[in-house]
Amino acid sequence: MGSLLANPLASPLQLAASPSQSDGIPQDLEASLRFAGCALIQSAGILLRLPQTTVATAIVLLQRFYLVSSMREHPIRPTVSAALFLSSKLTEQARRPRDIINVLAYILSVPTPCPISPPKTGDFPETPNPETYYVPESSYFAQRTHLLQLEAHILRAIAFQTHIALPYTLAINYLQALDALKPHPTIVKRTFGYLTDALLSPSLLYLTHQPNALAVAAIYLAARECGAKMPDAGLVPGVEVEAGWWDIFDVDREELGFLVVCLKAVGEWVGTEVEKWRGKWGDLLAVGEDGSAEGLERELERRRRGEE
Amino acid sequence: MATKPKSRWDTAEDDPADLARLKAEKESRKHLKAQKDRRKAEAAATLATSTASTSEPTTSSPHHPKRRKLDEDASSIPSSTPPPPPGPLKLLRFEAPEIAPCRHVDNYELLNHIEEGSYGIVSRARDTSTGEIVALKKLKLEREKDGFPITSLREIQTLMICKHPNIINLREVVMGDRLDQVYLVMDFIEHDLKTLFSSMQEPFLPSETKTLLLQLISATHFMHTNWILHRDLKTSNLLMNNRGQIKVADFGLARLISDPPQKHLTRLVVTLWYRSPELLLGAKEYGREVDMWSIGCIFAELLTKEPIFKGTTEVDQISKIFTLLGVPTEASWPGYRRLPHAKSLTFPRTPATTGSQLRSKFPMLTNQGFDLLSRLLCLDPARRITAEEVLKHEYFREEPRPKREEMFPTFPSKAGGEKRRRRDTPEAPRGGEGEGEGGWGEEGQFLVGAQEEEVGGGFMLKLGR
């Protein structure tokens with residue numbers, strides 16, 4: 001609760017020991033699964049013609065949810081569908097469970113631009129055969145029930161704090177204030193690119209930093225790439241302290257530096273993750289008829305055997 | 001949960017700004033020096049205080065005021081907000097609540113039912129840890145087939161944003177053992193205006209009306225600046241406590257709006273009697289003006305205790321409005337003929353029917369008061385007064401001034417299960433002005449004189465006791 005511009009943040013304790021890790025999921029696997037969830041939401045959002053606000057909201061919902069829940073108890077895939085369903089309602093862009101479930105099945109069955117879709121091989125024709133991604137009625141009803149349950153679980157886990165402040169519009173405001181929009185029309189696109197990248201960061205930037213800090217960090221990088229000149233540091237009258245332009249937006253240089261490093265690292269991290277699991281995402285995310293995290297359990301079992 | 005420990009500055013290959021680092025070093029040196037100086041000064045200061053008050057350190061130990069269960073960890077771990085920046089530069093830091101699951105409804109003990117509606121059941125309850133009395137609203141979710149209803153989501157979302165003295169305070173949302181048991185925990189407020197009217201022999205005094213209207217407007221202004229439409233303002237949704245404060249409640253139809261306005265907002269909003277003419281005529285887009293119309297209706301009701309337009313159907317409602325305010329013309333409401341339902345309705349347009357009868361209905365209202373009322377009940381939504389403009393209206397500055405909240409009378413609470421006692425103190429004689437100031441009991445009489453003294457806060461508070 002509180003300001004429209006601020007978000008509830010994760011506590012250091014929550015970040016240090018996640019419920020999934022306490023439940024026996026190694027940290028790297030948790031990060032991979034979380035990335036899969038976020039990437040799935042991002043791609044599904046595009047196919048569902050949802051605005052980025054809705055997509056980002058769904059990703060933050062998912063991240064907040066796994067701050068208090070285990071991925072073994074609540075598998076990624078149904079949580080993704082529930083997060084999309086809930087965020088579409090919260091942002092007044094309601095989509096039907098049916099469409100969400102179909103789109104997820106599509107992304108996980110045929111090659112799409114989504115990084116976790118199956119890779120393009122000779123097996124897949126140019127126009128995919130609908131049989132490959134058709135969701136049978138019985139499976140649909142099971143998934144739908146699961147989706148609705150998880151929606152309630154998410155709401156409970158976040159104590160109905162459904163307002164999520166996003167940095168996108170804030171960034172536009174800041175760019176206007178910095179007089180950077182007119183001379184550099186591409187700067188918005190780059191800024192938004194970084195803000196969207198930040199959603200995938202393993203450092204859970206949207207749970208650890210307020211939107212104003214994210215916006216400033218994204219602008220900082222975008223401005224450097226566009227060669228946009230940002231205002232020089234100057235002495236603040238009265239206190240006689242030198243302040244950079246980021247200080248004006250209430251971000252200190254320490255926080256800015258940290259975020260800039262994180263933002264720059266996302267691209268490479270995503271690349272290695274995608275490579276690591278290429279062709280295996282579908283199996284990893286598989287969910288059993290009873291709603292258990294089948295794929296994850298298999299992977300855990302495999303690792304256990306590997307250790308022996 | 002950083003996967004790899006990230007050092008903040010030493011990733012050489014993608015250092016964002018070497019220049020910046022140089023500068024940072026320079027600054028940190030400067031900062032260090034400043035810190036050293038400060039430490040020196042502090043040491044000197046503590047030395048001075050410790051020698052001065054060696055007997056006192058126990059009293060200044062950190063006190064822990066009643067801590068909620070949720071905060072248990074907060075004392076042992078560093079708070080999630082970043083530490084204040086170095087130097088005297090003050091940066092804005094938001095208070096960030098934590099992310100934690102709902103508490104259980106067992107934290108509250110049920111006392112009695114207040115009312116039941118289509119939206120759910122409201123009961124009075126007691127917080128078992130603090131003993132505070134609250135209102136518990138249980139949502140009806142058992143028959144929901146499409147997940148958590150969007151209207152309830154909107155209600156919770158908007159209420160969480162609305163922290164304002166004249167808006168009902170949503171304390172938290174709690175759940176029962178099952179996922180479909182969801183309760184909103186809100187402050188318990190003794191009355192609602194509608195029920196209060198039915199037990200009052202006379203309407204509120206002009207000074208009281210002003211205070212209540214001002215509170216309603218300030219709540220609405222807050223909602224509107226935060227992009228929230230209430231869409232169901234009416235007297236039964238205005239709660240009132242025994243301290244002269246009203247609280248806007250029931251956000252079941254509220255929602256966030258945007259600019260440019262979203263299309264396809266539902267037209268099925270606002271209780272019929274408080275529904276604006278553009279909604280009745282089927283406007284596809286609407287905005288904050290619909291709430292302002294409802295406030296106009298409430299203002300009129302505050303003056304007379306009776307709803308101003310008691311239509312039975314939509315057609316009846318619009319004809320009642322046009323009868324009183326006159327049938328709109330292209331001059332008084334440009335473009336109204338193009339509204340979907342305007343074509344199917346025909347009203348005689350003669351000088352007699354296009355004129356407004358509003359003034360004759362409120363002969364006792366001052367000119368300023370009437371000006372405000374007629375601008376709230378302006379048929380053309382584009383020309384209807386906004387909440388911000390109302391706050392600046394002269395009506396609230398002319399005599400009688402708005403009555404101070406502390407000076408309001410109290411009433412037995414129906415929701416709290418109290419019986420209404422017969423008021424045996426006779427009404428105090430009216431004050432000098434024809435409109436009648438003064439009021440209930442002795443304080444009222446003092447108030448007549450005290451009122452002229454602008455804000456004699458302390459003085460009047462003492463009298464109220």
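Each chain gets a letter, A, B and so on, in the order its sequence line appears, and its residues count up from 1.
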*Asks:* Can you list the steps and then say if B/Q157 with A/L90 is a side-chain contact (heavy atoms from CB on, under 4.5 Å)?
*Replies:* CA-CA 8 Å; B/Q157 200 176 18; A/L90 289 173; 4.0 Å; yes
*Asks:* Of all the heavy-atom pairs spanning B/C102 and A/L155, show the shortest one and how long it is.
*Replies:* SG-O, 4.2 Å
*Asks:* If I measure from the heavy atoms of chain A, does B/V174 come under 4.5 Å with its side chain, its backbone, both, or neither?
*Replies:* neither
*Asks:* About how many Å separate CG of B/L159 and NE2 of A/H163, when rounded to the nearest 0.5 Å?
*Replies:* 14.0 Å
*Asks:* If you take all heavy atoms of B/M160 and A/A159, which pair is closest and at what distance?
*Replies:* CE-O, 3.6 Å
*Asks:* Applying salt bridge (Lys or Arg N to Asp or Glu O under 4.0 Å), which residue pairs with at least one partner in residues 145-157 of chain A are found, sequence neighbours left out?
*Replies:* A/K89-A/E151
*Asks:* Go through the atoms of A/F85 and report whether side chain, backbone, both or neither lie under 4.5 Å from a heavy atom of chain B.
*Replies:* side chain
*Asks:* Taking all non-hydrogen atoms of both residues, which atom of B/K145 and which atom of A/R144 are closest, and how far apart?
*Replies:* O-NH2, 2.7 Å
*Asks:* So with a 6.0 Å cut-off around CD of B/E285, is the heavy-atom count from everything else above 12?
*Replies:* yes
*Asks:* Relative to chain B, which of A/D247, A/L207, A/L67 shows the most heavy atom pairs under 4.5 Å?
*Replies:* A/D247
*Asks:* Heavy-atom distances under 4.5 Å only: say whether A/Q63 touches chain B with side chain, backbone, both or neither.
*Replies:* neither
*Asks:* I need the minimum non-hydrogen distance between A/V68 and B/I99, along with the two atoms involved.
*Replies:* CG1-O, 4.2 Å
*Asks:* Please enumerate all residues that pass ring pair (Phe, Tyr, Trp, His ring centres under 6.0 Å) together with A/H153, with sequence neighbours excluded.
*Replies:* A/H74
*Asks:* How many angstroms lie between CD in A/E92 and CG in B/L153, if you round to the nearest 0.5 Å?
*Replies:* 9.5 Å
*Asks:* Return the minimal non-hydrogen interatomic distance between B/I156 and A/F160, and the atom names on each side.
*Replies:* CD1-CD2, 3.5 Å
*Asks:* Please find the pair of heavy atoms, one from A/D252 and one from B/L91, that lie closest to each other, and give the distance.
*Replies:* N-CD1, 3.7 Å
*Asks:* So for B/D146, is it side chain, backbone, both, or neither that comes closer than 4.5 Å to the heavy atoms of chain A?
*Replies:* both
*Asks:* Out of curiosity, A/L148 CG to B/L179 CG, how far, rounded to the nearest 0.5 Å?
*Replies:* 11.0 Å
